[in-house]
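Computed from heavy atoms alone, side chains included, the values below leave out hydrogens, waters and symmetry copies. Keep in mind it's a predicted model, so treat the numbers as computed, not measured.
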Amino acid sequence: MADAAHHHRPTLKQKNKSFKSKHASKGSLKDAAKGRVARPSPKASTGSSTAAQSRLNRRNNAKQSAATKRNALVSATRVFNGVDGAPRIVAVIPLTEDVSAKTTVQSLADALDISADECPEDGIWKLRAERFRTSLQFRTVPYRNFYAALDACKVADYVIFVLSSSVEVDTWGDTLLRTLQAQGLPDVASVVSPDASIDTKARTGILKSLLSFIQYFVPSQTRVFDLHVSSDRLNALRSLSEGKPADVRWKEGRTFILGETTEWEEGTLKVTGVVRGSPLSANRLVHLPNFGDFQVSKILSAPLPRPLKGANAPGMDVEPALLAEADPSSADSLVSSNDPEDLENEQTWPTEEEMKGGIDDVQTGIPDAVVGTTPKAVRRIPKGMSEYQAAWIVDEDDEGGDEGDESNQSTDEIDMETQEEEEEEMVDMPMDDTATEKEVRFNDLDMEEEEEQLNRWRNRQREEEDDQSFPDEIDTPKEIPARTRFQRFRGMRSFRTSPWDAYENLPRDYARIFQFEDFKRTERSVRRRAEQELNVVEPGVRVTLYIKDVPQEAAGVSPTILFSVLQHEHKVTVLNFTVQRNTEYDGSVRSKDPLILCVGPRRLAVNPVYSQHTRGGGKGANNVHKFERYLRHGVTSVATTYGPVIYGKQPCVLLRETTDTEAPQLVAMGTFMNPDTTRIIAKRIILTGHPFKVHKKVATIRYMFFNPDDVHYFKPIQLHTKHGRTGHIRESLGTHGYFKAYFDGPINQMDTICMSLYKRVFPKWGQLWTQNGAHKMSNAVQTTALDAMEE
């Protein structure tokens, strides 16, 4: 046999397996790790018995977690425990006209064999539930009392929605539920009122239908309690009496009180109630809905009478003690805005020496009028208006001026821009009749003007559709020069990056507001100081607040609800909100339309201005944002108005008044964004022209202007077309406003030539809204004739 062929292995190099390394040095392991450090697992254990140790750790972790949750629950519910514990506030809101809040409370009290005959239809009633070792304070609200329902839900720990077994919730109830949903709701319990009988066979189907309805607004609802059944009444009481009430985010860090009794004496309002929320400080202001912000003079304790031993022994009254008193050096001031009428710091105001004639350059005497220059009519100053305010009123005889001076053009011509776009409303000027009585002078319109405004209002829907089809496009007037008509507008090379001075040509209202250098830092410091303040009253204590300088009408409101105001929250600034329209509202919502802004504990009468919401909520390169004429469906916009400072991401609601004061329309809802005073809202108009003759990149344009002076005036501004071309004006042609333009590409004969012009717009001054129609803002200067001219 022949020997088998001998083969050598292809290489003599030995390769060890990487995971078999047994003698790696510390240096090599450190280099292989490349700085990574192994993090031990929290579930990992050491020791010989790994399985037993891991099981023991899991048990200990579960026990510690349960103890932490139990301690948090006990700490949160400690304010409700004991005989002197604070009651749980329950707001009872009927949603149909055939149900009653009082009957609902009586049915719940019957489950504990307690009579509730003294429970009012509109007020508060306290129930001591010994079975659950707590107290319930019911705030009953009658049907179709919209704003009372909103205020009751602001201070409530629980809300009971009373439904009917036979009547559906109407438009009013639907609007209330949507508004409460946007405002923020605590824990909710839905019940079927015992007012109407319910068929036993149809009971299951009715409860399922009502549950499906209420889950649309409150998705956390799992059942609807039928108060016809005793077990459901007891279960409803148990859901209100046990556990910790849910927190409403916008109320964090705020103190609120539901007043049980009120008393007014010589301008001081005494409100007795239990402190809820955060600790109460006498140095902070308090807000009373419909009346405004006020200062607190002192806080006294108001403990309930303690029962003595023995069945027939009378109660023992406890003398009130002084808990806190306002410190004049650190108490918040009621000054909410800068007063522009105070001209002491104005540089152009004459000094006292100049007023006495001590300087030679100052003319001491008034010379006689030149013959022929005496005015034909004497200027009539409205009653209650100062001469300084009346000086800004433009008379018809004063509008003549020089024909060649563009700055002396008539006010009517300058304001025709706002007249054509229908932004200006009739402004009623408030006049001070006396120091204590205020009147509003009303001038009735003639029939032609009234008919014109009525037709203008009725055609709003058509105008909104035209604005959506042809956004910002307007026709150049033929009777008025474009340089006069649009003299307040400017051109921008780039809307996104072109600079714009935020402090240029500011309106008179900007002299009143406050600006923060770093608002976030201010908010953090204010909240930190509030937590560290010593002279405060802790939650759960029953107190009597002495509030200074309150009108006597506030004592007639029962029950009284008040909120504490954090430091600087009384100052007026520019507020920006991100808002979205209510999907169920079909009306037209235009910028500067009068609306009711509900944010936190406040309700303001505002005329907001809407602008585009920049993607991501940023400012962009120049903080310039496009003005929106209408608030449209499905688009998030920014609403800007003047108002008191707001801390936190508070929800907001925009309502529109109707003929029924208790049935407003829900227009939009949103969230507070920031108080940016440098946010520039630029209103855009587009002048359009028609290509008369086209030769490649050069075209003759007409119908954009109607005289050569306007062509020269707007020559530096860039042109663009709807098909994406850009160009500039080269020269004027003829005497009818034709001009030659050069573009960056060939022009289509069917294209449209456009020129964009921009003007900064501002909102109107906001005021405190009240149900009786009297709008005011504390320490704010009322709107004068100058405000109407600046708009």
Side-chain angles (χ1 to χ4, degrees), residues 394-396 398-427 449 452-453 456 459 463 466-467 470-493 495 498 500 504-505 507 590-592 609 626-629 680-690 692 701-720 728-729 731-739 741 752-762 786-791:
V394 180
D395 292 339
E396 295 181 358
D398 298 337
E399 295 180 358
D402 298 334
E403 295 180 358
D405 190 0
E406 297 178 1
S407 62
N408 292 332
Q409 294 290 337
S410 67
T411 307
D412 293 338
E413 293 180 353
I414 295 176
D415 291 342
M416 283 190 65
E417 164 205 343
T418 54
Q419 179 181 356
E420 181 178 334
E421 298 176 10
E422 300 174 10
E423 285 188 353
E424 297 302 328
E425 294 80 20
M426 295 299 298
V427 179
E449 181 68 20
E452 181 183 352
Q453 293 191 10
R456 186 185 307 168
N459 292 334
E463 291 178 4
D466 292 344
D467 182 72
F470 308 97
D472 306 324
E473 293 186 17
I474 66 172
D475 295 329
T476 306
K478 194 173 181 179
E479 299 79 8
I480 306 174
R483 62 187 182 278
T484 302
R485 170 74 166 76
F486 308 117
Q487 64 181 355
R488 296 165 62 186
F489 287 81
R490 67 176 63 179
M492 296 178 66
R493 183 176 183 86
F495 185 83
S498 295
W500 194 315
E504 176 187 8
N505 295 331
R590 193 171 187 173
S591 286
K592 296 188 180 180
V609 172
K626 184 180 175 298
F627 168 80
E628 294 289 344
R629 288 178 172 83
I680 298 173
I681 303 176
K683 176 182 178 180
R684 183 182 70 176
I685 62 171
I686 299 177
L687 306 181
T688 57
H690 170 65
F692 180 55
I701 312 301
R702 63 177 179 178
Y703 300 154
M704 183 177 289
F705 305 110
F706 297 98
N707 60 77
D709 293 336
D710 288 343
V711 176
H712 290 295
Y713 183 85
F714 292 99
K715 185 176 181 180
I717 302 177
Q718 189 180 49
L719 302 174
H720 67 275
H728 288 86
I729 299 175
E731 59 179 342
S732 176
L733 302 176
T735 60
H736 297 286
Y738 288 48
F739 61 88
T752 303
I753 313 301
C754 304
M755 175 184 289
S756 297
L757 302 176
Y758 300 91
K759 178 190 71 171
R760 186 176 181 181
V761 295
F762 302 91
L786 178 60
D787 299 329
M789 293 177 59
E790 286 179 349
E791 292 296 336

Next on the checklist: Before you tell me yes or no, could you show the steps for L687 and I474 under side-chain contact (heavy atoms from CB on, under 4.5 Å), namely the whole-Å CA-CA distance, both residues' side-chain angles and the distance that decides it to 0.1 Å?
Outcome noted: CA-CA 6 Å; L687 306 181; I474 66 172; 4.0 Å; yes
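- Proximity of R684 to K626: side-chain heavy atoms (C-beta onward) are separated by under 4.5 Å at one or more points.
- In this structure a side-chain-to-backbone donor-acceptor pair under 3.5 Å is missing from D710 to F705.
- Between R488 and N505, every side-chain heavy-atom pair lies at or beyond the 4.5 Å cut-off.
- Distance check, rounded to the nearest 0.5 Å: CG of D472 to CD1 of I686 gives 5.0 Å.
- Separation of atoms CZ (F739) and NE2 (H712) is listed at 12.0 Å; rounding is to 0.5 Å.
- Taking every heavy atom of both residues into account, T735 and P708 meet most closely at O-CD, 3.7 Å.
- Nearest heavy atoms, F714 versus M755: O-CE, 3.7 Å.
- Minimum interatomic distance between C754 and T688 (heavy atoms only, all atoms of both residues): SG-CG2, 4.2 Å.
- Scored by the ring pair (Phe, Tyr, Trp, His ring centres under 6.0 Å) test, F470 finds no partners at all (sequence neighbours excluded).
- Across all non-hydrogen atoms, the minimal contact from S732 to V711 is CB-CG1, 3.8 Å.
- E504 meets the salt bridge (charged side-chain N to carboxylate O under 4.0 Å, His left out) test with R490; sequence neighbours excluded.
- Here the CD-NE2 distance, from Q718 to H728, works out to 4.5 Å after rounding to the nearest 0.5 Å.
- Side chain of T476 to main chain of M704: a donor-acceptor pair is present (N/O by atom type, distance under 3.5 Å, no hydrogens or angles).
- Between Y703 and Y738, the angle of the ring planes goes over 60°, which puts this pair in the perpendicular group of the 30/60° scheme.
- In this structure, I701 and A741 approach most closely via the heavy-atom pair CG1-CB, 4.2 Å.
- Using modelled atom types, no side-chain atom of S756 and backbone atom of M492 make a donor-acceptor pair closer than 3.5 Å.
- Considering R629, K592, E628, K683 as possible partners of V609, the one that fulfils the side-chain contact (heavy atoms from CB on, under 4.5 Å) test is K592.
- Atom CG of L757 and atom CZ of R485 lie 10.5 Å apart (nearest 0.5 Å).
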